[in-house]
Amino acid sequence: MDNKKLLEIAEKAKDNAYVPYSNFRVGAAVLTKDNKVYTGCNIECASFGGTNCAERTALFKAISEGSKDILKIAIASSNSEKNEKTFPCGICRQVIIEFGKDIKIVTGYSKGEIYECSISDLLPNYFSGSEFN
Ligand code: THU
């Protein structure tokens, strides 16, 4: 699947965002090696720490359904139509890189400029767990 299509799916996924506090919608679409797509949105909580970002919602859906080979994650937000890129927060970066340093992040706007980079570009010198050994 090309980046434009994946980003369109992320843009649609943001319609389901539950955002009574920030009113900032985020949608994500995870593409797996076996060509499956899992979507997610941000889900807020009155106790703010309970909020879950769109990226982790989508990723956790993929993993919990047995798809661990993640190729790409497209991210869209309330700002996409303004041609602004939306990058994953620090917590999501760490969770994404858990499943592969070469996972691609796709953002921007499907009807505008589309940007792609690797998660390792966004999180250099990350904590990998190899430190345990
Ligand atoms: N948010 C995401 O869903 N993903 C990001 O990459 C950045 C932030 C959400 C969390 C919260 O619901 C709202 O955006 C404002 O921080």
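Just so you know, ligand 1 is whichever comes first in the structure, and atom 1 is the first atom listed for that ligand. Starting from 1, each residue takes its place in the sequence as its number.
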* Asked: In terms of ring plane angle, is the pair Tyr115 and Phe87 parallel, tilted or perpendicular, where the classes change at 30° and 60°?
  ->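 Tyr115 vs Phe87 ring planes: perpendicular.
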
Considering only heavy atoms of [X], which atoms of ligand 1 have at least one such atom less than 4.0 Å away?
X: Phe87; result: 6 (O)
X: Cys89; result: 6 (O)
X: Glu55; result: 2 (C), 3 (O), 4 (N), 5 (C), 6 (O)
X: Phe24; result: 14 (O)

* Would a search of protein heavy atoms around atom 1 (N) of ligand 1 find one under 4.0 Å away? ->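 Flag for atom 1 (N) of ligand 1 set to true, protein heavy atom closer than 4.0 Å.
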
Mind checking whether [X] has an N or O less than 3.5 Å away from an N or O of ligand 1?
X: Thr86; answer: no
X: Ser22; answer: no
X: Pro88; answer: no
X: Glu44; answer: yes

* Asked: Just heavy atoms, cut-off under 4.0 Å: does Cys53 contact ligand 1 by side chain, backbone, both, or neither?
  ->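 Both backbone and side chain.
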
* Per-residue contact class, Tyr21 against ligand 1 - non-hydrogen pairs under 4.0 Å ->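 Within the 4.0 Å criterion, Tyr21 makes no contact with ligand 1.
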
